[in-house]
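This report concerns only the one structure given below.
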Amino acid sequence: MSTRLASGGRHLDRSRSVDFSFNGKRLRGFQGDTLASALLANGQMLVGRSFKYHRPRGILASGAEEPNALVNMGKSGQFEPNQQATTQQLFDGLYATSQNHWPSLEFDIGVLNNYVSKFLPSGFYYKTFMAPRAAWKHVFEPIVRQSAGLGKAPKDRDDDFYEHFHVHTDVLIIGGGIAGLAAARQAAAAGAQVMLVEQTAHWGGRAVVDGAEIDGMPAADWVKNTVEDLENAENVHLRTRAMGAGVFDHGYALVYERLTDHAPEPGLPRHRLWRVRAKQIVTATGAIERPLSFAGNDLPGVMLAGAVRDYVANWAVSPGDRTVVVTNNDDAYRTALALKQAGLEVPAVIDARTHAQSPVIDAVREAGIRIEFGRAVAKVKGRARVEGVGLATQAGEGAVLEEISCDAVAMSGGWSPVVHLWSHCGGKLIWDEAQAHFRPDPDLPPLGADGAGFVRTAGSASGALSTADVLADADGQGRAAAMAAGHKKRKKAGPRAETEIAAPMEPVWIMPQGAGPNLRQKMWLDYQNDVKVSDVQLAAHEGYESVEHTKRYTTLGMATDQGKLCNINGLAVLSDALNAGIPQVGTTTFRPPYTPISFGAIAGEARAETFQPLRRTAMHDWHEKNGAYWEPVGHWRRPFCYQRDGESIEQAVLREVNNTRQSLGLLDASTLGKILVKGPDAGRFLDMMYTNMMSTLKPGRCRYGLMCSENGFLSDDGVVARIDDDTFLCHTTSGGADRIHAHMEEWLQTEWWDWKVWTVNLTEQYAQVAVVGPKAREVLELIGGMDVSAEALPFMTWKDGRIGDFNARVYRISFSGELSFEIAVDAHRGQAFWDALLEAGAEFGVMPYGTEALHIMRAEKGFIMIGDESDGTVIPQDLGLHWAISKKKADFLGKRAQERAHMTDPDRWQLVGLETLDGSVLPDGAYAVGEGENANGQRNVQGRVTSTYHSPTLGKGIAMGLVRHGPERMGEVLDFPGTDGQSNKARIVSPVFYDPEGEKQNV
Amino acid sequence: MGYSAFKVFWQGLTGNKGWQPAWREPDPRPQYDIIIIGGGGHGLATAYYLAKEFGVRNVAVVEKGWLGSGNIGRNTTIIRANYLLPGNQPFYELSLKLWENLEQDFNYNAMVSQRSILNLIHSDPQRDAFARRANAMRLSGADSELLGPDEIRALCPFLDFDNARFPIQGALRQKRGGTVRHDAVAWGYARGADMHGVDIIQNCEVTGIDITDGVCTGVQTTRGPIRAKKVAMCAAGSSGRVAALADMRLPIESHVLQAFVTEGLKPTLPGVITFGAGHFYVSQSDKGGLVFGGDIDGYNTYAQRGNLPVVEDVCEGGMAIMPMIGRARLLRGWGGVMDMSMDGSPFIDKTGTQGLYVNAGWCYGGFKATPASGYCYAHLLAKDQPHEVATQFRLDRFRRGAPIDEKGVGAQPNLH
């Protein structure tokens, strides 16, 4: 059983004990523990269940590659599934529970899958669950879904918050081991701005645990000195708990900093996402140890040899009293020594190599540890934990020569460089036969915009495995990165270390070599997803031969660790099954992020109300205080109506329409787009943009205009006012202002770049109020100022002047059919102007009205609304707007398109008014059905409703719609079934329901 | 070899030794009736239906990489028939009907999961537009319904109802919408086509299209020339490059679309949810990961990887609509190349060259269309007449002024 050693532990502060709970058990660790080390120290070997077979699982690794030890953390708004115990630092009150089991971790009913696993090989679900058809949906799928997944999904709103930092740097170095430090040191010496990030809380990486000597001192001292130097350098920025998560095009990198996961504190952000623009990126990301594939290699107590060493050295945790080491390389011998030095038993080192000679092997032998060359683990004995291993000949089929009792196994299958970040943006790999791993091909790096590589690798990430090689490589890469970023100050002497003499490793993909089917289906490749050697072999046999097919068919490498441990082993098994070389089979593609990062961190501060910025008019707060029922319009919110106490929305809208028609209403029209178009060619330009002729408009006058896309479809409308000879102010729809401004600029910049025209979006410079109703003129006269009489300011004109205390521009335009003045004042005076209108209008019973009243009044008047009558498939001719399409102009956007065959088809649906027979309101979006059926056996259609309202003015339902040959079919009755299938009869009428002669607005 | 529960059981008892390869690995023959360029979902479906429904079995599918390596293997697996325009909706309804019987048809469990799709509504005009869409769907024979906020709250209590920038006012639901295990679709069609005699030739890139006197006679490949009576282009993200081999320029642009998945979670989502006020849609796979995506990156590229701004944009949408998702973790993101057409709708058509056909322009909606695309393309190839639900997917529709523009944004491929 695992336990805490009496002394040691580099990271521990034994004076500070930390209380935490796991599955309700109250446990104690030390400051400096990870959750994994604390669990092991408490003898908790069993920490989770696997995905498919619900096998008991323990801690396998000591870092970000851990596939088994995933736990639920926290409660309610802090609940987090699938947290790796190996990367979670311990804090007081930490609350963790294991996942994917029922009813308990120790007794999990799901383990039944394990006993019938021979019926559940890779891909079995593609071959069954098909009959009867309904059973999949109602029986099988719910069961599959319930048993899949790992942690529970969070239910509550995330309590924490997150932030984004942006930084530019010359050189970003990812990984704070000795390679990263050596590279940073040299890059900084050259004068480059350096950012160095390390995913754990500690600098120095493996070298410190492995006890190397650098520059004549222990690695730990060299690390300490180097970090101090770097901290003191002004051009170096160091971050721990910050993982390089992804490398994107053009030197854009993502760094994920876990600020308070190790010490939660309300008021501080949980994670910070660094978005780094670096001229050069150095990945000093080290290497990951590979497991060995022997039967029972997933039992709790089987761990990676390097991880065992970490737990002993860093956290003073013994994985067991008797640990068998099994390896194909020299590195695991260090684990044997570390265990022995900690006073623990190492019954044997089982080395698959038939022979090897090196100083570290000699040291193990001298320590009195038995070494068995050419041997293998035939299988691990035990049900839920290691009880012993069967020794066999590696070259054989697995006959057990001897049983060695032990309670832990430390395995090492060799080391693979961490190439993820190199690969994210297209860096290529080469297969290193000697080390049996893929390493970055320095000749094929990810390329930047200039065609030169912008990512380098340093240290073990390059494939270097001895301390001396690691340092030399990193030192050179640090220098090269700085030079590539344009910094050339004098080079420092590089750090020096002895080259360790190691015997060559020997690739071992299956242990023992000749293991039969029974053993192969107990050899785990992907621990979390329960993919075994036999599964990969089956996939290859069934024709899923591409490495991507195998991955997808077996789910190899698709678990939360994304194959960090299993990819190479799985690939080797596949290539063996296909009788092809590993490099020919190739790898799957590494994708960001390196390890999973929180959704919250990526979203940053954009959530809830701050998801997108809210645009507010000058009167926004007044609306809010006065009962506005909001409607989102683009990035604005506009009052749909203003609700009074006890009033329904419908009642409020009714009141607003009636009051405006009968007396006086105010509309906050500030959101309408206002684009100033200026220059000698402005008129010519607008003649192209609008279907109407705008160049002939006289200064002081207004004209309603239509804009079409080059494909002829109506895209926006609004009133254009000519300010002077070369200045126009174009009103657009509220939602359309930015789009139309961009549309104008696109044409100006790409097509008519030599025209002298300038445009600017003035929308937010003005507060604009529509003063509407029979009393509109009276209220303005009451306030006093400019002459707003019909003679001085006739319909469709505008004038600058004073209204009361306000500089104002007054437009005599109407979208309601009533006498109407749209008055623009400086935005900062908008609220005061609104107040002045309310005060002066009080005697007329003035009321503000919202967008729904606006819509109803325009529909009563038969005015179209962009987005209702138009949807990107409608041309102005469909809407009877021929009068607004110039016939004199040689060209305008959409003109030629509108002459195409489909556009001039007489069968196009055309605008009409619709009136129900009983005065009810037609349902929105209803289609008019016609004779016959379509290919799907449904009624044919001949038209549709585009807008429909209850008209308070007329006291009945009114609607507009597009109907085939509509204008020729006045009086005809059509049927418009709603989404409920109910029939709704309506008669085709003129779309102008109110004041067709315009007597109300033109007074 | 037929797949069934009994087979799985029997093979389990006998050590899983008797499984046969899902498809053969044939060498290309010198000549075929029809060569399909592109072993993705649409190409394999086309081959399957040609052989099974239209009796054309002398067919080869040539694929430059591994079968299913294009967008069929890198999408967000959503199926739905909630289109608006008459040129589109009946086609997608046919597709949904084919999905519904697919597994029994090709004897492969693609895990068609009809757990519904919800399009959330945030404004009054949006509700009107979705009411219209709901009607258009029903008129094509599809199911649709409009839900109110209370019904959505009961289905999805985790959505942000209380403090949202865009409060939820309702949703359009299609109960028959859902998800499918995407790789299994490619594999199922490949196996089915193979069983009907189609040669699926992987690692065989087309390097030339042979045209003599306006007639297409075959293709040049990295595994030698192959002659054919008809050549059917079906290369999705590579469509532009393949068409260029025939000196054709298609009305498409190539853009990258990213998709993402979280770590595996126990079931939480009732189906597909789309959030149109941001750019975010999400579903949960049978394996438990939340699969989500958003808009295309917006620049022209053939690289199957995207960039950070869109990752953020998508996650912001996720946090805005599902604030509990903040503590779920992004496991992996990937990119696929989309053949974005000028109006957001596809092409299944003849070309100006006799014997050369095109299937392209699926934008980012190609996955759900896979069965109908294959079926209708097979119809066109076998009969030289478009299928009745695919009559409008013509190459010349822009010249005629008859684009099928669902979004109504015009000739801006990066906005569809």
Side-chain angles (χ1 to χ4, degrees), chain A residues 80 82 118-119 121 124 126-130 144-145 148-158 248-249 252 517 538 542-543 546 548-549 552 560 591 596-600 602-603 606-609 611-612 631-632 709 711 867 871-873 897 900-903 924-925 927 935-936 938 979, chain B residues 3 5 8 12 15-16 19 21-23 66 90 103-104 108-109 123-125 128 131-132 134-135 139-141 146 163 165-166 183-184 263-268 286-288 307-308 312 315-316 318-320 323-334 388 400-402 405 408 410-411:
Chain A
E80 177 164 26
N82 299 338
K118 62 182 169 186
F119 303 112
F124 79 96
Y126 298 124
K127 300 168 179 165
T128 181
F129 303 143
M130 286 178 282
V144 168
R145 281 186 174 267
L150 285 168
K152 291 198 180 89
K155 282 197 170 67
D156 298 317
R157 180 184 292 266
D158 187 353
F248 298 85
D249 284 314
Y252 202 1
L538 177 62
E542 288 193 87
S546 153
E548 285 282 354
H549 282 160
R552 290 154 188 255
T560 58
R591 303 283 191 187
I597 62 180
S598 67
F599 223 96
I602 305 171
R607 57 195 292 192
E609 267 287 347
F611 164 52
Q612 279 177 10
E631 170 179 43
S709 67
N711 281 320
D871 64 355
T873 70
R900 289 176 182 150
H902 187 67
M903 299 295 203
D924 268 304
Y927 279 80
N936 293 294
Q938 305 295 317
T979 48
Chain B
Y3 290 157
V8 170
N16 286 307
W19 294 112
W23 43 75
W66 39 281
E103 289 148 349
Q104 290 70 34
Y108 201 94
N109 188 356
S123 72
D124 202 47
D128 296 350
R132 176 185 168 198
N135 284 320
L139 288 162
S140 78
L146 288 173
N163 186 29
R165 173 70 179 78
F166 296 99
D183 289 320
E263 298 173 336
L265 300 169
K266 291 294 178 193
T268 179
D286 277 334
K287 198 160 168 282
N307 271 296
L308 198 50
E312 288 178 8
C315 290
E316 287 171 4
M319 275 299 271
M324 92 312 184
I325 207 176
R327 300 182 98 90
R329 278 183 294 261
L330 171 68
L331 175 63
R332 183 178 170 90
W334 61 94
E388 63 182 358
R400 288 183 288 112
D405 187 355

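In what follows, chains carry the letters A, B, and so on, assigned in the order in which the sequence lines appear, proteins first and then strands, with residues in each chain numbered from 1. Side chains are part of it too, since the values below use all heavy atoms of this structure and drop only hydrogens, waters and symmetry mates.
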*What part of A:Leu538 lies closer than 4.5 angstrom to a heavy atom of chain B: side chain, backbone, both or neither?*
side chain
*For A:Glu631, is it the side chain, the backbone, both or neither that has a heavy atom under 4.5 Å from a heavy atom of chain B?*
side chain
*asked:* Quick check: do B:Arg329 and A:Ser598 have side-chain heavy atoms less than 4.5 Å from each other?
replied: yes
_Residue A:Ala897 versus chain B: region with a heavy atom under 4.5 Å_ = neither
_Which residues share a ring-ring contact (aromatic ring centres under 6.0 Å, His included) with A:Phe599, sequence neighbours left out_ = B:Phe292
*Residue list, side chain to side chain contact (heavy atoms under 4.5 Å, CB included) with A:Asn711, at least two apart or on another chain*: A:Ser709, A:Phe713, A:Arg900, B:Ala411
*What part of A:Tyr252 gets closer than 4.5 Å to chain B, counting heavy atoms only: side chain, backbone, both or neither?*
side chain
*Go through B:Gly264, B:Ala320, B:Ala131 and name the one with the most non-hydrogen pairs under 4.5 angstrom from chain A.*
B:Gly264
*Structural part of B:Glu103 lying under 4.5 Å from a heavy atom of chain A*: both
*asked:* Measuring only between side-chain heavy atoms, which start at C-beta, is A:Pro596 closer than 4.5 Å to B:Leu331?
replied: yes
*Where on B:Glu312 is there a heavy atom nearer than 4.5 Å to chain A: the side chain, the backbone, both, or neither?*
both
*Taking every heavy-atom pair that is under 4.5 Å apart, which of B:Gly288, B:Pro267, B:Ala184 has the most such pairs with chain A?*
B:Pro267
